Amino acid sequence: MTGGVEEQIDQWRGFVRRRKAISAADVEEMEDHLRERIADLEANGLDAEEAFLVAVKRMGNLDEVSREFAREHSERLWKQLVLVPEADDGAGGLARWRELAVMIAFALGAGLAVKLLATLVDDEFVLVRNLAFVVLPFLAGWFAWKRRVPWRVCAVTAAVAAVPLLAVDLYPFETTGGPYPAPGMTGVLAFTHAPVLLWLLAGVLHTGGDWRSHDRRMDFVRFTGELAMYLALIMLGSMVLLGLTAGVLSLAGVDLEPFMEDWLLPFGGPGALLVAAWLVEAKKGVVENIAPVLTRVFTPLALVMLLADLVVLLVNGPLTTVDRELLILMDAILVLVLFLLLYSVSARDPLAPPGVFDWLQLALVGAALAVNAVALTAMLTRIAEFGFTANKTAALGLNLVLLVHLVWSAWLLAGFVRGRRPFAAVERWQTAYLPVYAAWAAVVVLVFPPVFGFA
């Protein structure tokens, strides 16, 4: 088969995977049938693309297929929504029990690593800058175990991750003076950008080592959004539970704070991350019913927020007087808009025709571009007035990276809503651009400190 047909099959497979009634094994079986039909049609004289279209049509409507699977396998579907497998589930149940046990082992390992780090390190800043390096490797290890990633890929990923680890620990970062010393700006930038780089490196293992696959990258984007949702719910529930428990114990004269600082926080934080990741993987498809609703709620709200921010920037006087903290907040808002765009794209049915929400999404990207342009102009004005610093250069670089991403996203979205290109082009651009963020984070962590004298 040609590369174009393989790409179309990848899109079809990604579409089928989003039907929660269809398991991964069912998808593989359906793909085998599809390929057999394509081969038969090609043998009868059709070219590859015509054979694909005819074969897909003969496979039937996928929504109908999902409903048929749900009717025929309703018992299996409900069991997939249960956290703990039943005793009579056979080999599948044992596999899920084993996966749960492995996840708990990785969670305990991450907690022990954080506890050991807190015991050996007295400097709070050393603890903070190394926290991601002792927690994320356990999540990445769980990815590697679950995806059966080849050891060579794991070794290369670990070697690449060791570079920022050595940088943040061996670079001679300067600290501010006074009774409460604090790290300089290059140190803060390195500490905040290193987790971004580590997370994207962990994504290589989440893809099973197939990081060139756009479909696998989009799965990681979807996983990231769902992980944030699960983690927020777990943390909020834990806060309520701990607050009630601490209130009851305080009435009995028991102080829970030492236990929380010494044991609960070191083990609870990493444990919540691993449990949330396990829930996302175990319950694929369940939260995807919520994701489209959330994106449709927050997209218009984000559009209103961006328009208000744009007005604030324009009426705040000369651009040289725009407060630096306001520009930093603008960057944070643009990053949030980018996450909303990514998650909206990941949750959308790629074969559905353009609709009102797609026009709203295009308006959101356009508003983000307008805010980005004003913020970028303000940054360049401030740099021309006061010169380059590490934080100004980092903010400028992030704005430029976001600008390229948003401009091309807007161009592709405009072509899609006008019926001139498929939605797959929009989706592929989001995943193709992810390595740029990893490269920029690496530059901030590795290059900025020596360029700006570790100040």
Side-chain angles (χ1 to χ4, degrees), residues 7 10-11 14-15 18 196 199-200 203 211-225 228 291-292 294-307 309-310 330-377 379 395-441:
E7 181 179 338
D10 286 342
Q11 296 174 15
F15 175 66
R18 298 178 187 180
V196 176
W199 182 252
L200 294 174
W211 59 273
R212 293 184 179 88
S213 169
H214 291 280
D215 190 36
R216 294 290 182 89
R217 289 184 188 179
M218 186 53 72
D219 282 342
F220 180 64
V221 170
R222 195 174 296 112
F223 168 86
T224 301
L294 291 179
T295 55
R296 280 162 174 75
V297 169
F298 284 103
T299 293
L301 294 177
L303 177 58
V304 173
M305 177 188 65
L306 281 176
L307 294 176
D309 294 336
L310 182 61
M330 290 300 100
D331 270 356
I333 291 172
L334 289 173
V335 170
L336 288 176
V337 170
L338 175 64
F339 285 152
L340 183 60
L341 172 65
L342 284 172
Y343 204 43
S344 299
V345 170
S346 71
R348 192 191 187 282
D349 183 350
L351 300 183
V356 175
F357 182 74
D358 298 300
W359 284 99
L360 190 62
Q361 194 77 31
L362 179 60
L364 176 67
V365 176
L369 279 173
V371 172
N372 188 297
V374 175
L376 186 60
T377 303
M379 288 178 186
L396 176 63
L398 178 59
N399 259 267
L400 292 174
V401 170
L402 288 171
L403 181 65
V404 174
H405 193 165
L406 292 173
V407 165
W408 197 245
S409 295
W411 175 259
L412 294 175
L413 274 171
F416 169 68
V417 297
R418 296 170 65 186
R420 295 184 177 181
R421 58 174 54 89
F423 188 79
V426 181
E427 190 175 35
R428 287 176 67 85
W429 168 245
Q430 312 308 317
T431 59
Y433 201 73
L434 289 179
V436 176
Y437 290 99
W440 174 246

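These figures come from a predicted structure and were not determined experimentally. Start at 1 with the first residue, then count along the sequence.
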Which residue pairs pass the side-chain hydrogen bond (donor to acceptor under 3.5 Å, both in side chains) test with at least one member in residues 354-364, sequence neighbours excluded? R348-D358

Any side-chain heavy atom of [X] sitting closer than 4.5 Å to one from [Y]?
X: L306; Y: L364; value: yes
X: W211; Y: R216; value: no
X: N399; Y: L334; value: yes
X: L434; Y: V221; value: yes
X: V345; Y: M218; value: yes
X: V335; Y: L398; value: yes
X: V404; Y: Y433; value: yes

Is it true that R222 and D219 make a salt bridge, defined as a side-chain N closer than 4.0 Å to a carboxylate O? yes

Which heavy-atom pair separates [X] from [Y] by the least distance, and what is that distance?
X: P353; Y: F416; value: C-CZ, 4.2 Å
X: A302; Y: L340; value: CB-CD2, 3.8 Å
X: R217; Y: A432; value: NH1-CA, 3.5 Å
X: Y343; Y: G225; value: CE1-CA, 3.9 Å

[atom1] of [X] to [atom2] of [Y]: how many Å apart, nearest 0.5 Å?
X: F298; Y: L336; atom1: CZ; atom2: CG; answer: 11.0 Å
X: F357; Y: T299; atom1: CZ; atom2: OG1; answer: 3.5 Å
X: T224; Y: W199; atom1: OG1; atom2: CH2; answer: 5.0 Å
X: S409; Y: L402; atom1: OG; atom2: CG; answer: 10.5 Å
X: L369; Y: L406; atom1: CG; atom2: CG; answer: 5.0 Å
X: E427; Y: L412; atom1: CD; atom2: CG; answer: 12.0 Å

Hits for side chain to side chain contact (heavy atoms under 4.5 Å, CB included) against A363, two or more places apart or cross-chain, chain-then-number order -> L303

Answer yes if the side chains of H405 and Q430 hold a donor-acceptor pair under 3.5 Å, and no otherwise. yes

Which donor-acceptor pairs under 3.5 Å do the side chains of residues 418-425 make with protein atoms, sequence neighbours left out?
unit_1 : atom_1 : unit_2 : atom_2 : d
R421   : NH1    : W411   : O      : 3.2

